[in-house]
Engineer: 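Encoded as structure tokens, here's the structure I'll be asking about.
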Protein chains: 2
Amino acid sequence: MKKENITIYDIAKEANVSPATVSRVLTGNAKVRPQTMRKIVDVIEKYNFRPNSLARSLLHKQSKTIGFILPDINHPFFSTLVQKSEAFALELGYTTFLCNTMNNSENESKYLQSLVEKQVDGIIYLGGRINDTDTDQEYAEEMKKVMERVPVVFVNGQMSGVDAHIVRTDEESGVEMLVELLVNLNHKKIGFLGGLEGISSTDVKKNTFVNVMENKGLGVNKGWVLDAGFSIESGEEVAAKFLSLKERPTAVICANDLVAIGVIKVLTKFGLKVPDDVSVVGFDDIYLAKHFPPGITTISQNYDQLGQTAIKVLVDLINEKEAKKETVIPTSLVLRDSCKIFSEK
Amino acid sequence: MKKENITIYDIAKEANVSPATVSRVLTGNAKVRPQTMRKIVDVIEKYNFRPNSLARSLLHKQSKTIGFILPDINHPFFSTLVQKSEAFALELGYTTFLCNTMNNSENESKYLQSLVEKQVDGIIYLGGRINDTDTDQEYAEEMKKVMERVPVVFVNGQMSGVDAHIVRTDEESGVEMLVELLVNLNHKKIGFLGGLEGISSTDVKKNTFVNVMENKGLGVNKGWVLDAGFSIESGEEVAAKFLSLKERPTAVICANDLVAIGVIKVLTKFGLKVPDDVSVVGFDDIYLAKHFPPGITTISQNYDQLGQTAIKVLVDLINEKEAKKETVIPTSLVLRDSCKIFSEK
DNA sequence: CTGTTAGCGCATTCAG
DNA sequence: CTGAATGCGCTAACAG
């Protein structure tokens, strides 16, 4: 059995007051005679009493809790974003439930249910199914049902048929900046490595890449656009394919920094120097980007702003205020040493 | 206002049964006529009803929730450990509350209170004050008060005066292995870089290091033991000090892999090759250790076992079973390419 | 197999 | 300023 819980009744009895009065000093919602107050506070401290927030939430029908759904807490992009968002939520008086789905769709459903049952006041969806370019309609239905009960904000994602509030990074302009940079550095043969087809962030980036290149009158060789995934290992894998290319690009844009790291690692291992032989750029500006030699030129996600805005929108929804349906967060270019001007040898 | 919640009463009314019967199908704790069952299930699905776990927890006096306290979710050591622990907790039917204190002692107190108020069934303490070699007695008192209400397990930490259950990595033998390795590689001048004095993991490692060295008849130069911290930046900082040494060790053991990364980065930048000029080893075997060139030789923390054991002990405590007071988890040596045999030039 | 009742711990009426 | 009573949503105990 559990140790017997102390309740406001116990406190009340010992302080010779009514439970209501104890409650009043706990919440500070009504005036209590200083004398009475002191007596009660003493007893509370004596027993080290803490009010049961479950009971409180049950009564108020709000838990002051926000749930986060994310695919992988180990990925620096998510851990950073979570950290920023969480800190801000805390300032606003919300605690958070982190649901790390480990890229598993079943977990995602379970957690979604669990958050509803736990009566969270709102949900921040950082990743998972909302990243699929083509929405599975079953998931969409599930999502809609959740949204009937709990406000939800999607970060860097969407679901077709689901009318959710969205906060997203301006990935298009990020990729544009990268292409501009490389082209200005005289690169004409540019590839795009990593990511996964069908995942929206990848598709958006790839499409933007192709469009911008064409606008500049530079073709894109299909063989230079290679999928793989989002991890360092994916980068290694795709770099191997890159190496086996008959004609190689002189510069590559990677789907994210981890991929860039994997790519650089393998190229280096096989004797290609970055940036001397190949220029490599990434995306996200995770903390490793500046540390991994030679230092990766990348696009910085505005983690603070992204996280804060998401929370802000969600809290507005919770309080039934109006909130912008879609907010786009700008990115910025971070120059480091993984790319340089191209010159024929 | 909140949207009106649907309750088992609503379901009961619509299905022409009593709330108790609805509850029975929800919990599956008692037999219900298939016919009745179907009727109820239909209504539940029609309204997409989910039971309120707050109410349930209030009644049962257990929330099936475990709280985690950790200093920095961005640190791969913690994010990996959390991931493993969480997955196992989930298997056991527990969901988790992650409390990322951001290395802030005030947050630690707040979260501790919050977890008690949220009626978590147990707390896993992954880091923070339990890492101080000298325990602040105020913190110890606070801890004890928490432990009167909720079972707690310390992972890789302790508090003097607090009689907690502990699960910890065998850091001593880990360091021993590293020293053995380096000595076998003919290194005689070995340094220890990073960590912070007063943090137990650092102190344990440093002491072990000094002892083992002395046992081998190899002295340790005080100037070769340099504090800094636990991040890549700390490694960079301490590497700068290393470079300014009159006489340098030929090999260094770093407090953890991030420090090793920082050290390698700076040494490389200043023209010293790792491992040709200096051998560098780390600790933890974070996923980066294998990716950061040249690949860092390190001690692997047994994340799975560490996390699972912690959860197992905690769950035993929750269920008021006996549990081993202290469990030591073995480590293993992971050989990569950041150290090599020493030979005079 | 099913219904009735009571209470988990708290905060909020409404009286006094 | 304080106390008594009520109900948040659920399930366990007890009848039937």
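A, B, ... follow the sequence lines: proteins, then strands. Residue 1 opens every chain. All values below come from the heavy atoms of this structure, side chains included, with hydrogens, waters and symmetry mates left out. As the structure is a computational prediction, the values presented were derived from the model and not from experiment.
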Engineer: Do B/Tyr139 and B/Glu108 have a side chain donor and acceptor closer than 3.5 Å?
Structural biologist: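 Per modelled atom types, B/Tyr139 and B/Glu108 side chains form no pair under 3.5 Å.
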Engineer: Any salt bridge between B/Arg129 and B/Glu142, counting N to O under 4.0 Å?
Structural biologist: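 A salt bridge is present here (some side-chain N lies under 4.0 Å from a carboxylate O).
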Engineer: Taking everything shown except A/Met102 itself, do over 12 heavy atoms lie less than 6.0 Å from its CE?
Structural biologist: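 Enclosed: over 12 neighbouring heavy atoms sit under 6.0 Å from CE of A/Met102.
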Engineer: Is there a donor-acceptor pair under 3.5 Å between the side chain of A/Asn319 and the backbone N or O of A/Lys321?
Structural biologist: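 Not confirmed, A/Asn319 side chain does not pair with A/Lys321 backbone.
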Engineer: Taking A/Ser200 for its side chain and A/Asn131 for its backbone only, find out whether a donor-acceptor pair lies under 3.5 Å.
Structural biologist: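 Confirmed, A/Ser200 side chain pairs with A/Asn131 backbone.
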Engineer: Between A/His75 (side chain) and A/Phe77 (backbone), is there a donor-acceptor pair under 3.5 Å?
Structural biologist: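 Answer holds: yes.
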Engineer: Does B/Lys64 offer a backbone N or O that forms a donor-acceptor pair with the side chain of B/Asp121 under 3.5 Å?
Structural biologist: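 Checking the backbone N and O of B/Lys64 against the side chain of B/Asp121, a donor-acceptor pair under 3.5 Å is found.
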Engineer: Please identify each residue that fulfils salt bridge (Lys or Arg N to Asp or Glu O under 4.0 Å) with B/Glu86, with sequence neighbours left out.
Structural biologist: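 Expected list: none.
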Engineer: When you check every protein heavy atom under 4.0 Å of nucleotides 11-16 of chain D, what one-letter string (B, S, -) results, 5' to 3'?
Structural biologist: BBB---
Engineer: Reckon B/Asn52 has a side-chain N or O less than 4.0 Å from the OP1 or OP2 of D/dC8?
Structural biologist: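 Indeed not, no polar side-chain atom of B/Asn52 lies that close.
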Engineer: Hey, mind stepping through B/Ile44 and B/Leu26 against side chain to side chain contact (heavy atoms under 4.5 Å, CB included) and telling me if it holds?
Structural biologist: CA-CA 10 Å; B/Ile44 287 179; B/Leu26 249 28; 3.5 Å; yes
Engineer: Would you say A/Ser18 reaches D/dG3's phosphate, i.e. side-chain N/O to OP1/OP2 under 4.0 Å?
Structural biologist: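 Checking A/Ser18 against D/dG3: at least one side-chain N or O falls below 4.0 Å of OP1 or OP2.
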Engineer: Bend angle of the helix from C/dC1-D/dG16 to C/dG16-D/dC1 from five-pair axes at both ends, rounded to 10°?
Structural biologist: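 What I find for the helix from C/dC1-D/dG16 to C/dG16-D/dC1 is an axis angle of 40°.
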Engineer: Report yes if at least one side-chain N or O of A/Thr21 is closer than 4.0 Å to OP1 or OP2 of D/dG3; otherwise report no.
Structural biologist: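 For D/dG3, OP1/OP2 do have a side-chain N/O of A/Thr21 under 4.0 Å.
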Engineer: Taking B/Thr96 for the side chain and B/Leu98 for the main chain, is one N or O donor matched with an acceptor at less than 3.5 Å?
Structural biologist: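 No; judged by distance alone, with no hydrogens or angles, the pair does not exist.
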Engineer: Which residues pass the side chain to side chain donor-acceptor pair (under 3.5 Å) test with B/Arg50, not counting sequence neighbours?
Structural biologist: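 For B/Arg50, the residues satisfying side chain to side chain donor-acceptor pair (under 3.5 Å) (neighbours in sequence not counted) are A/Gln113.
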Engineer: Nearest-Å distance, NZ (B/Lys64) to C1' (D/dC10)?
Structural biologist: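 For the pair B/Lys64 NZ and D/dC10 C1', the rounded distance is 17 Å.
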Engineer: Using a distance-only test with no angle check, is there a side-chain donor-acceptor pair under 3.5 angstrom linking B/Thr95 and A/Lys118?
Structural biologist: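 On atom types as modelled, these side chains qualify, holding a pair under 3.5 Å.
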Engineer: Any side-chain heavy-atom pair from A/Tyr111 and A/Ser109 closer than 4.5 angstrom?
Structural biologist: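 Of all side-chain heavy-atom pairs linking A/Ser109 with A/Tyr111, none is under 4.5 Å.
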Engineer: First and last nucleotide of DNA chain C touching chain A, 5' to 3', heavy-atom cut-off 4.0 Å?
Structural biologist: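 Both ends considered, the range comes out as C/dG9 to C/dT12.
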Engineer: Take atom CG of B/Leu58 and atom P of D/dC8, then tell me their distance rounded to the nearest Å.
Structural biologist: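 Whole-Å distance recorded here is 13 Å.
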Engineer: Check DNA chain D against residues 35-47 of chain B and give the residues with a non-hydrogen atom under 4.0 Å, in numerical order.
Structural biologist: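 Heavy-atom contacts with DNA chain D come from no residue of residues 35-47 of chain B; none.
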